[in-house]
Amino acid sequence: MKNLSSHISPNQIKTDKILDSTLRPESWDEYIGQTKIKKNLQIIIEAANKRNETPDHILFYGNAGLGKTTLAQLIAKEMNANIRVIAGPVIEKAGDLASILTNLTDGDILFIDEIHRLHRVVEEYLYPVMEDFKLNIILGKGPMAQTMELDIPKFTLIGATTKVALLSSPLRSRFGATFQLDFYTQEDIEKIIQRSAYVLNIEIKPEAIKFIAQHSRYTPRVANRLLKRIRDFAQVEENGIITKNISEKTLNFLEISEKGLEYGDRKILETLIKKFNGGPAGLQALAAATSEEEDAILDVYEPYLMQMGFIERTSRGRTATKLAYEYIGIKYDEKQQNLL
Ligand code: ADE
């Protein structure tokens, strides 16, 4: 089978992020799903507005593609605030942080994506900034070193991470509110596809909406990506209207199977079952055997495979479940599995 796992390569993720920005909801009314988080955020913003203060720092965590950046952008829109977006690892030194912070103005939002990858020193400089809007810069070294205190505009930090466990507890505790983004429901994904089709001016049949949603891994980013790919097929091979038939043909071509599993997912399940006898297999061993990066397994494949009940994580590693055997079409020997 040809390697089509590039649909979820890091490059693809970049393209998807651009795609996300054209389809991003512009107001709370347009935002679908995550009802509880939405309500919480609306209250935080409204209360801060009433007090004429900036809202508390906010942390979002959850799997890739569930809309952490979308929510941050929406908060900025609703607050009429400027938003500065930066990836955690890009801030290398205290000086980088100082330059970002001193360029903010009161009421701005600083969005730090992948905040778990902030350099440790930068993170430590951030603590007093988050608490008191003061940056203590150390000038010089040794006995001659001096501290300079810089006042920082009153901004709101929004952090986003796929790996909340990697955040140090001092950092985590400095966020006034923390929200976990969950997988969306099938119904919400259908609504998102319908909205995106409308925004992109695509005619789509109701059966196609349902079909695409069933293959979208309960993730808006995946739904929007599939919609665009199917639109290309519909335009080239048919009259541009998205039907269930053209959707099926496209997903077959992309080797996306039942429940939205892609080549990379199937490779992981097959490797676990065939090479590791169902597991347990450690992350490193699984990455080596599948030629996938450990991070891709952790961030892209595993969360969904676990959500769907195909793999389980134990203290000794990953194991394939009975469902995974059935999916791949290999007989599951319950007795032998229990012995393992
Ligand atoms: N596009 C991506 N995520 C969305 C959401 N939650 N609501 C509406 N459109 C979206």
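In this text, all values refer to a predicted model and were calculated from it rather than measured experimentally.
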N/O donor-acceptor pair under 3.5 Å between [X] side chain and [Y] backbone:
X	Y	answer
Asn224	Arg221	no
Lys38	Tyr31	yes
His57	Met130	yes
Lys259	Ser216	no
Tyr218	Ala213	no
Arg24	Gln73	no
Thr321	Gly309	yes
Asn103	Ile100	no
Thr147	Ile137	no
Thr219	Val222	no

Flag side-chain contact, heavy atom, 4.5 Å: [X] against [Y]:
X	Y	answer
Leu59	Leu167	yes
Thr22	Val199	no
Leu101	Leu150	no
Phe175	Leu171	yes
Phe133	Phe155	yes
Ile45	Ile75	yes
Leu181	Phe60	yes
Leu272	Thr319	no

How close do [X] and [Y] get, heavy atom to heavy atom, and via which atoms?
X	Y	result
Ala320	Ile311	CA-CG2, 4.4 Å
Ile91	His119	O-CD2, 3.0 Å
Met79	Gly107	CE-O, 4.0 Å
Ile212	Ala223	CG2-O, 4.3 Å
Arg217	Leu261	NH1-CA, 4.1 Å
Pro220	Gly65	CD-O, 3.5 Å

Q.
Between Ile37 and Leu41, is the side-chain contact (heavy atoms from CB on, under 4.5 Å) condition met? List the steps.
A. CA-CA 6 Å; Ile37 296 181; Leu41 290 171; 3.8 Å; yes
Distance alone, cut at 3.5 Å: any donor-acceptor contact between the side chains of [X] and [Y]?
X	Y	answer
Gln186	Glu190	yes
Tyr301	Glu292	yes
Ser257	Arg266	yes
Ser168	Tyr127	yes

Q) Is Glu270 salt-bridged to Lys274, cutoff N-O under 4.0 Å? A) yes
Notebook entry, point to check: Salt bridge or not for Lys322 and Asp333, using N-O below 4.0 Å?
Noted result: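 A salt bridge is absent here (no side-chain N lies under 4.0 Å from a carboxylate O).
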Check for me, please, whether [X] and [Y] land in the same ILVMFWY cluster - side-chain distances under 4.5 Å, paths through other members count.
X	Y	result
Leu200	Ile189	yes
Ile86	Phe111	no
Leu110	Val90	yes
Ile109	Ile152	no
Leu254	Val236	no

Approximate separation, where rounding is to 0.5 Å, of [X] [atom1] and [Y] [atom2]:
X	Y	atom1	atom2	result
Gln34	Thr185	CD	OG1	9.0 Å
Met144	Leu139	CE	CG	12.0 Å
Gln146	Met148	CD	CE	10.0 Å
Ile193	Leu227	CD1	CG	6.5 Å

Tell me, please, which residues at least two apart from [X] pass salt bridge (Lys or Arg N to Asp or Glu O under 4.0 Å).
X	value
Lys275	none
Asp96	Lys93
Glu302	Arg313, Arg318

Does [X] have more than 12 heavy atoms from other residues, nucleotides or ligands lying within 6.0 Å of its [atom1]?
X	atom1	result
Tyr184	OH	yes
Glu312	CD	no
Glu187	CD	no
Glu131	CD	yes
Asn239	CG	yes

I'd like a table of donor-acceptor pairs (distance under 3.5 Å, sequence neighbours excluded) in which one partner is a side-chain atom from residues 278-291, with atom names and distances.
{"residue": "Thr290", "atom": "OG1", "partner": "Leu286", "partner atom": "O", "Å": "2.7"}
{"residue": "Thr290", "atom": "OG1", "partner": "Ala287", "partner atom": "O", "Å": "3.4"}

query = Can you list the steps and then say if Ile241 with Ile204 is a side-chain contact (heavy atoms from CB on, under 4.5 Å)?
reply = CA-CA 6 Å; Ile241 298 170; Ile204 184 165; over 6 Å; no
Query - CA sep, side-chain torsions, deciding dist, call: Val164, His116, side-chain contact (heavy atoms from CB on, under 4.5 Å) - result: CA-CA 7 Å; Val164 75; His116 63 278; over 6 Å; no
Exercise for the section: Output every pair passing salt bridge (charged side-chain N to carboxylate O under 4.0 Å, His left out) with a member in residues 194-212, not counting sequence neighbours, ordered by first then second residue. Expected result: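 Pairs touching residues 194-212 that pass the test: Glu30-Arg195.
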So the salt bridge (charged side-chain N to carboxylate O under 4.0 Å, His left out) pairs with at least one residue in residues 140-165 (sequence neighbours excluded) are Lys134-Asp151, Lys163-Asp295, Lys163-Asp299
- request: Begin from the C-alpha positions of Leu97 and Leu135 and carry the test side-chain contact (heavy atoms from CB on, under 4.5 Å) through to its verdict.
  value: CA-CA 9 Å; Leu97 183 68; Leu135 180 67; 4.3 Å; yes
Kindly assign one of parallel, tilted or perpendicular to the pair Tyr327 and Phe310, based on the angle between their ring planes and the thresholds 30° and 60°.
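Judged by the thresholds at 30° and 60°, the geometry between Tyr327 and Phe310 is perpendicular.
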**Asked** Would Arg174 and Glu124 count as a salt bridge (Lys or Arg N to Asp or Glu O under 4.0 Å) if you check the C-alpha gap in whole Å, the side-chain angles of each, and the deciding distance to 0.1 Å?
**Response** CA-CA 12 Å; Arg174 282 171 171 81; Glu124 281 169 13; over 6 Å; no
